[in-house]
Amino acid sequence: MDVLRFTGATFTASTTVTVVRFDAIKPGAKLKTKRTRFISATITKPAAVVTAAEPLQISKSDDTLIPVVHPSSLQCEEGFLLPNYPRGEIGYNYVKEILTSKVYELAEETPLQRAHKLSERLGVTVWLKREDLHPVFSFKVRGSYHMMAKLSKEQLEKGVICSSAGNHAQGVALAAKKLGCNAVIVMPVTTPEIKWKSVERLGATVVRVGDTYEEAQAYAVAQGKEEGRAFVSPFDHPDIIIGQGTVGMEINRQFKDKIHAIFVPIGGGGLIAGIAAYMKKVSPDTKIIGVEPVDSNSMALALHHGQRVMLEKVGSFADAVAIRMVGEESFRLCRELIDGIVLVNHDSISASIKYVNFVSSDVTVESCFEQDMFEEKRSILEPAGALALAGAEAYCKYYGVKGENIVAITSGANMNFDRLRLVTELADVGRQREAVLATYLPEERGSFKKFYEMVGQTNITELKYRYDSEKENARVFYRIGLHTKVELEEMVDRMELEQLHTINYTDNELVKDHLRHLIGGRSDVHNEHLCRFIFPYKPGVLMKFLDAFSPRWNISLLHYHAQGETGGNVLIGLQVPQNEVDEFRGRAESLGYVCVVETLNEAFQQLMH
């Protein structure tokens, strides 16, 4: 799959940084050893210095080369631990500060609760650190209050400012309300409504600027300097890290038995840095494992390259961790203290949101009573909030971990309602409760009945078929419900024995996002160029998109799939002659949207041609 490389990053802060771009990074081959199945970033031509109209700048004390890489340049099998080799030689100064933190003037200790059904299924004991139970439904209030409580009276009178995609904003707003200071919160225009309205209800002033966190941050830093406000970093400040580190202190106090590993979601890295700084001093044998989405893996890539990197684009599904570059201080700590990173996809995150079972909120490790979080409490984790749990499950399955104590941080529950449809669609696939398949059968009477007989007792949850007079073989696209891996394999074998060729598309994102909705007719279109775009959520975006390509090229296919207020997933086919492909890519790049070329995707060739 070809991935377009976009720069699209122009934000300002304090000092200039030269940007080095890994311009032609392509996945390498999988290694043969089972426990080292990862695709490593490889540079196929020398890195080039990117020059732009406005030079890239970030808050940094010295000029530094920042590689720009694509998330797909470092991928691995789910559950595999991308290893880091911690030395544990730093972080001592953090422990004392964590132990004496003032966070409990505002925050309360959150419970550590057992997930019974998940524990039984995995053969381990899974404990959930319920950071979603804070008044703002996120751990972010810890770091915000710890930092702001240390500000002078004079600084508090001038006020504070921060940039945030949502959860940090609510933490700062609540802390400001407690401390009696004025807070300005700068948020991207793509921020879900549930988050920016919650900030306003807490009394802060919300300013919505830019499509990305980096643009919002640039504005916040500049305005803070102009107005004399203190900038409250979301993750890259020692006081923020100390506040988040109280999560580790609580886990160590609440659970006295040996912990095999603590799984922590990573956005900018402040939470895992704080937990690692504390736990590696008081319980050095406990593994600290970060979890990132496959399309927002900035910490994994930073550890891989031995320095911070900037992602060309980040996925918006888990918007609270959609950070293009991790913090400088958090990276310094993580490089020395954490044990590695696990990457998970959207399906697995959705499965953890939907199926995770929690104990009642008033039950601790001393006495456990099972209760399903969604069905009983109507409480739903946001994607980033379920990230650590998805990683913990994948890790335990991959390595066959048994009989150990596993802790996962449920970091947030600010779920936007219109995201639930997408989560529901992906959840059954993520837990392998559904499979997505296509079967080819002769276009003749009786063949469909024969196909259905081969399905047997397996439950079909969706089926699409349309007669095509131009083809000798018909194609049936369908989803099957609750099944085991053996049952699925047996069904496919039955199909093949009857010369009914069957393909499993369960792991194909193009099929799940678009092609399954387009089944009904195939066509061979001359010079068709197929691309997937991720649009931001704001007025005028579709017209901007159409202006870039039409009427220059004919649109041969269009499918739009809304994903809530974080944006939309768009599949478009355009008839682009070979000698105009470079022009097309230039126009696509100028839009600044995430774009993946799918022309050679096997599923597209089989299902739509």
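Here the structure is a predicted model, which means the values were calculated and not measured. Hydrogens, waters and symmetry mates play no part in the numbers below; they use all other heavy atoms, side chains included.
A donor-acceptor contact shorter than 3.5 Å links the side chain of S330 to the backbone of G327. Here the side chain of D132 pairs no donor or acceptor atom with the backbone of S411 at under 3.5 angstrom.
Across all non-hydrogen atoms, the minimal contact from G269 to I272 is O-CG2, 3.5 Å. Taking all atoms of both residues into account, the shortest heavy-atom contact from L82 to A300 is CD1-CB, 4.1 Å.
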Practice task
Please report the C-alpha distance between M187 and W196 in whole Å, then the side-chain angles of each, then the deciding distance to 0.1 Å, and finally whether the side chain to side chain contact (heavy atoms under 4.5 Å, CB included) criterion is met.
Solution key: CA-CA 8 Å; M187 310 180 80; W196 63 261; 3.6 Å; yes

Problem - Verdict with supporting geometry, V68 and V309, side chain to side chain contact (heavy atoms under 4.5 Å, CB included) - result: CA-CA 6 Å; V68 178; V309 301; over 6 Å; no

Exercise for the section: List the steps and the verdict of salt bridge (charged side-chain N to carboxylate O under 4.0 Å, His left out) for R587 and E583. Expected result: CA-CA 6 Å; R587 293 195 183 196; E583 180 188 351; 3.1 Å; yes

Practice task
Begin from the C-alpha positions of L574 and E528 and carry the test side chain to side chain contact (heavy atoms under 4.5 Å, CB included) through to its verdict.
Solution key: CA-CA 5 Å; L574 293 159; E528 188 172 39; over 6 Å; no

Practice task
Evaluate the criterion side chain to side chain contact (heavy atoms under 4.5 Å, CB included) for residue pair S233 and D236; output intermediate values, then yes/no.
Solution key: CA-CA 6 Å; S233 171; D236 197 18; 3.8 Å; yes

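A parallel orientation is assigned to the rings of F317 and H346, their planes being inclined by less than 30° (bins at 30° and 60°).
The pair R332-E329 counts as a salt bridge, with a side-chain nitrogen and a carboxylate oxygen less than 4.0 angstrom apart. Ion pair E312/R324 not flagged as a salt bridge, since none of the NZ, NE, NH1 or NH2 atoms sits closer than 4.0 Å to an Asp/Glu carboxylate oxygen. Here R552 pairs with E580 in a salt bridge; the nearest charged N to carboxylate O distance falls below 4.0 Å.
The shortest distance between side-chain heavy atoms of V321 and P293 falls below 4.5 Å. Side-chain contact between S138 and E131 is absent, with no heavy atoms from C-beta onward closer than 4.5 Å. The shortest side-chain heavy-atom distance between I409 and L271 falls under the 4.5 Å cut-off. Looking at heavy atoms from C-beta onward, M325 lies out of side-chain contact with F331 at the 4.5 angstrom threshold. N345 places a side-chain heavy atom less than 4.5 Å from the side chain of E78.
The CG atom of L333 lies 5.0 Å from the CD1 atom of I241; values are rounded to the nearest 0.5 Å. Of the inter-residue distances, the one linking S348 atom OG with I353 atom CD1 reads 11.0 Å to the nearest 0.5 angstrom. The CG atom of L303 lies 7.0 Å from the SG atom of C334; values are rounded to the nearest 0.5 Å. Put simply, OH on Y478 and CG on L437 are 4.5 Å apart, with the number rounded to the nearest 0.5 Å. Here CD1 of I161 is found 12.5 Å from NZ of K225. Values are rounded to the nearest 0.5 Å. Atoms CG and CE, from L301 and M299 in turn, are 11.0 Å apart once rounded to the nearest 0.5 Å.
Aromatic ring centroids of Y395 and F80 lie 6.0 Å or more apart.
Residue V291 forms a side-chain contact (heavy atoms from CB on, under 4.5 Å) with just one option from L343, L387, L389, I341, and that option is L387. Among the candidates T599, L600, N601, the single residue satisfying the side-chain contact (heavy atoms from CB on, under 4.5 Å) test with V597 is T599.
In the model, R201 has a side-chain atom that pairs as donor or acceptor with a side-chain atom of S198 under 3.5 Å.
Counting non-hydrogen atoms of neighbouring residues, nucleotides and ligands closer than 6.0 angstrom, the CG atom of D582 reaches no more than 12 such neighbours.
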